[in-house]
Amino acid sequence: MTDELFGELEARHKQILDALGTDVFVITSGAPGPGIGLFRQDSNFHYLTGFPEQGAVAVFDPTQDSERVLLFVKEKDRQDEVWQGFTIGVKQARATFPVDGVHNVQSLRSTLEERLKGRTVFYKSVHNHPQNSVLGKLLEQEGTEVRDSGPPFETLLDMRIIKSAWEVEQTRRAIAISTDGHHACMRAVGRHGFEYQLEAEFEYACKLQGVRHFAFGAIVAAGAHATCQHYVENNGPIADDDLVLIDAGARWNMYCADITRTFPASGTFSPVQRDLYEIVLASQKAGVEAVAPELTFHELNNIAAHVLIDGLKELGILHGNTDEIIDKNAYRDFWPGGLAHSVGLDVHDSTPKGFSGPDAERKLEPGMVITVEPGFYSQDFNHQIPETFKHIGIRVEDNVLVTENGHENLTAAVVKELADVEQMVSSGR
Ligand SMILES: [Mn+2]
């Protein structure tokens with residue numbers, strides 16, 4: 001573990017302990033998944049412990065003198081290491097992680113039984129966690145009150161949405177690698193006839209640089225597939241006159257990139273594709289340019305929507321007063337998604353209510369990393385528009401850091417200007 005992360009974890013512990021008053025917070029790691037596969041730690045557990053294994057438990061108790069932050073981990077076990085994987089074990093965990101005590105998870109009950117009696121305990125069970133039944137019995141004790149919402153959970157989300165300089169550095173690395181992945185796909189499309197081949201190009205470029213987890217399953221959508229927001233089948237053919245939409249991002253030290261680009265398979269936008277792409281791009285650039293502290297997500301959404309709607313009006317796709325179209329959400333047939341979400345340890349990070357819901361009035365603050373991702377999507381139900389604009393999906397998505405004075409576009413190196421995209425695709429053909 002690096003010194004920076006060690007220091008970050010200590011600061012996070014202090015904030016959680018302060019939020020607890022005299023209450024206790026019990027948080028479990030991620031649970032094992034089905035079959036054989038690479039485990040990824042639960043984001044909250046990772047944020048608070050840095051401990052990478054499944055089956056662990058952390059306990060925060062501000063009333064203790066010395067053992068205020070405890071970690072319970074699996075002890076090294078020969079059968080486990082023969083079959084399941086190598087483990088850190090109690091001794092090595094003690095030497096590595098910034099906690100007050102590390103215990104064998106088998107001693108969870110004996111260590112906590114007295115301590116939890118009569119206390120208010122914040123705890124949410126994780127499906128399939130091996131300690132669920134032990135924890136359940138511990139928390140059923142007379143006088144113990146369990147809460148699955150409240151201060152530590154809220155504090156955790158508020159902490160996670162504001163990134164430290166170290167967290168931004170991890171995000172930059174995820175973005176730099178993902179940038180190579182997106183450019184590799186643009187250059188390779190001329191050699192490939194199927195969406196899954198571009199998915200392979202993206203993953204290959206990332207895995208060559210040490211990426212072990214992705215932010216989400218890549219969306220590689222050619223032609224009409226791109227009109228579905230979260231198309232993940234990636235098994236369709238790519239025709240020469242298709243636009244290809246790729247929404248994909250790597251993780252680095254658990255931090256996600258979430259980048260979308262749309263490009264013509266042939267290397268040249270058709271006139272209709274060009275018109276629509278320019279409108280989405282103008283809307284996206286207006287959104288990125290507007291990012292600054294104090295602006296709400298709702299306000300940011302409407303800045304981008306204004307540009308998108310004005311453009312679609314010029315093409316005859318929308319009609320009427322732009323402000324009215326926004327107020328009535330009359331553009332949502334063509335752009336059903338939200339403009340922005342926070343990105344971090346989760347790709348949709350720390351925004352439980354969603355920025356199109358109650359969090360829409362939340363103000364941007366320095367240290368947030370958000371997406372800006374307007375789009376145009378037309379399916380069969382959009383019967384009122386000319387046929388020529390149907391079955392087209394376009395999205396352009398950057399990741400933007402909110403700074404004291406405005407913003408920094410962290411994904412600025414991924415080409416998006418029309419001529420640059422055409423050149424990148426053509427250079428590989
Ligand atoms: Mn996104």
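Only heavy atoms go into these numbers, but all of them, side chains included; no hydrogens, no water, no symmetry mates. The first residue in the sequence is number 1, and the count goes up from there.
Within the 4.5 Å cutoff, the side chain of Phe60 has heavy atoms near those of the Ile27 side chain. With contacts defined as side-chain heavy-atom distances shorter than 4.5 Å, the pair Glu278/Leu418 qualifies. The closest side-chain heavy-atom distance from Leu156 to Tyr47 is below 4.5 Å. For the pair Leu112 and Val59, the minimum side-chain heavy-atom distance is below 4.5 Å. Side-chain contact between Thr260 and Ile246: absent, with no pair of heavy atoms (C-beta onward) separated by less than 4.5 Å. In this structure the side chain of Val402 never reaches within 4.5 angstrom of the side chain of Glu365, judged on heavy atoms. The side-chain heavy atoms of Phe216 and Cys256, taken from C-beta on, include no pair separated by under 4.5 Å. Here the side chains of Ser164 and Glu8 are in contact, with some heavy-atom distance below 4.5 Å.
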* To do: Let me see the working for Ile161 and Arg362 under side-chain contact (heavy atoms from CB on, under 4.5 Å), right down to the final yes or no.
  => CA-CA 12 Å; Ile161 203 167; Arg362 186 165 186 153; 3.6 Å; yes

* To do: Would you please test Gln229 and Ile219 for side-chain contact (heavy atoms from CB on, under 4.5 Å) and show each step?
  => CA-CA 9 Å; Gln229 304 285 302; Ile219 296 166; over 6 Å; no

* Derivation of the side-chain contact (heavy atoms from CB on, under 4.5 Å) call for Val400 and Val369 -> CA-CA 5 Å; Val400 183; Val369 177; over 6 Å; no

* With side chain to side chain donor-acceptor pair (under 3.5 Å) as the test, would you mind laying out the steps for His13 and Asp100 before giving the verdict? => CA-CA 11 Å; His13 294 168; Asp100 302 321; over 6 Å; no

* Asked: Passes side-chain contact (heavy atoms from CB on, under 4.5 Å), Asp23 versus Phe122? Steps please.
  -> CA-CA 8 Å; Asp23 297 333; Phe122 292 94; 3.6 Å; yes

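A search for side chain to side chain contact (heavy atoms under 4.5 Å, CB included) contacts involving Lys74 returns Asp80, Thr87, Val105, not counting sequence neighbours. Considering only residues two or more places apart in sequence or on other chains, Glu417 meets the salt bridge (Lys or Arg N to Asp or Glu O under 4.0 Å) condition with Lys285. In this view, His192 and Glu201 satisfy the side-chain hydrogen bond (donor to acceptor under 3.5 Å, both in side chains) rule, not counting sequence neighbours. Residues forming a side chain to side chain contact (heavy atoms under 4.5 Å, CB included) with His306 (at least two apart in sequence, or on another chain): Asp310, Thr322, Asp323, Ile326. In this structure Thr411 satisfies the side-chain hydrogen bond (donor to acceptor under 3.5 Å, both in side chains) test together with Asp398, Asn409, sequence neighbours excluded. Take Ala226 and apply the side chain to side chain contact (heavy atoms under 4.5 Å, CB included) test, not counting sequence neighbours, and it matches Ala221, Leu245. Asp18 is linked by a side-chain hydrogen bond (donor to acceptor under 3.5 Å, both in side chains) to Lys14, counting only residues two or more places apart in sequence or in another chain. Residues satisfying the salt bridge (Lys or Arg N to Asp or Glu O under 4.0 Å) test with Glu145, not counting sequence neighbours, are Arg147. Listed by chain and residue number, Glu294 satisfy the salt bridge (Lys or Arg N to Asp or Glu O under 4.0 Å) test with Lys363 (two or more places apart in sequence, or in another chain). A search for side chain to side chain contact (heavy atoms under 4.5 Å, CB included) contacts involving Phe381 returns Asp333, Gln379, not counting sequence neighbours. A search for side-chain hydrogen bond (donor to acceptor under 3.5 Å, both in side chains) contacts involving Asp380 returns His391, not counting sequence neighbours.
In Glu404, the CD atom is not crowded: 12 or fewer heavy atoms of neighbouring residues, nucleotides or ligands sit closer than 6.0 Å. Shown here is Glu299, whose CD atom has more than 12 heavy atoms of other residues, nucleotides or ligands within 6.0 Å. Around the OH atom of Tyr204, the shell of radius 6.0 Å holds no more than 12 heavy atoms that belong to other residues, nucleotides or ligands. More than 12 non-hydrogen atoms from other residues, nucleotides or ligands lie less than 6.0 angstrom from CZ of Arg429. Within 6.0 Å of CD1 on Ile36 lie no more than 12 heavy atoms contributed by other residues, nucleotides or ligands.
When all heavy atoms of Leu339 and Ala304 are compared, the pair lying nearest together is CD1-CB, 3.7 Å. Minimum heavy-atom separation, Gly30 to His129: O-CD2, 4.0 Å. Taking both residues in full, the closest heavy atoms of Thr296 and Ala360 are given as CB-O, 3.7 Å, listed atom of the first, atom of the second, then distance. Nearest approach of Val189 to Ala265, heavy atoms of both residues: CG1-O, 3.7 Å. Closest of all the heavy-atom pairs between Gly375 and Leu308 is O-CD2, 3.7 Å. Of all the heavy atoms in Gly393 and Leu243, the pair that sits closest is O-CD1, 4.5 Å.
Using a cutoff of 4.0 Å between basic side-chain nitrogens and carboxylate oxygens, Arg261 and Asp420 are not scored as salt-bridged. With respect to the salt-bridge test (charged N to carboxylate O, under 4.0 angstrom), the residues Arg274 and Glu422 qualify. Contact check on Asp61 versus Arg119 returns a salt bridge, with a Lys/Arg side-chain nitrogen under 4.0 Å from an Asp/Glu carboxylate oxygen.
Just one residue in the list Arg395, Glu373, Lys416, Glu397 forms a side-chain hydrogen bond (donor to acceptor under 3.5 Å, both in side chains) with Gln284, and that residue is Lys416.
Side-chain contact check for Glu195 and Asn234: no donor-acceptor pair (N or O, by modelled atom type) lies under 3.5 Å. For His230 and Asp247, the side-chain atoms include no donor-acceptor pair closer than 3.5 Å. With 3.5 Å as the limit, one finds a donor-acceptor pair spanning the side chains of Arg160 and Asn44.
Considering CG of Asp242 and OG of Ser266, their distance stands at 9.5 Å, rounded to 0.5 Å. Between Ser342 atom OG and Asp258 atom CG the span is 10.5 Å, to the nearest 0.5 Å. In this structure, Leu345 CG and His46 NE2 are separated by 5.5 Å, a value rounded to the nearest 0.5 Å. Once rounded to the nearest 0.5 Å, the distance linking CG of Asp275 with CZ of Phe376 reads 11.0 Å. Note that the CG atom of Asn399 and the CD1 atom of Ile175 stand 4.5 Å from one another [nearest 0.5 Å].
Cation-pi check for Arg251 over Phe214 is not met; the charged atom does not lie both under 6.0 angstrom from the ring centroid and within 45 degrees of its normal.
For Phe51 and Phe97, the gap between ring centers is short of 6.0 Å.
Between Tyr196 and Phe194, the two ring planes are parallel [angle under 30°; tilted spans 30° to 60°].
Within the structure, the ring-ring contact (aromatic ring centres under 6.0 Å, His included) test picks out the following pairs touching residues 241-293 (sequence neighbours left out): Phe269-Tyr277.
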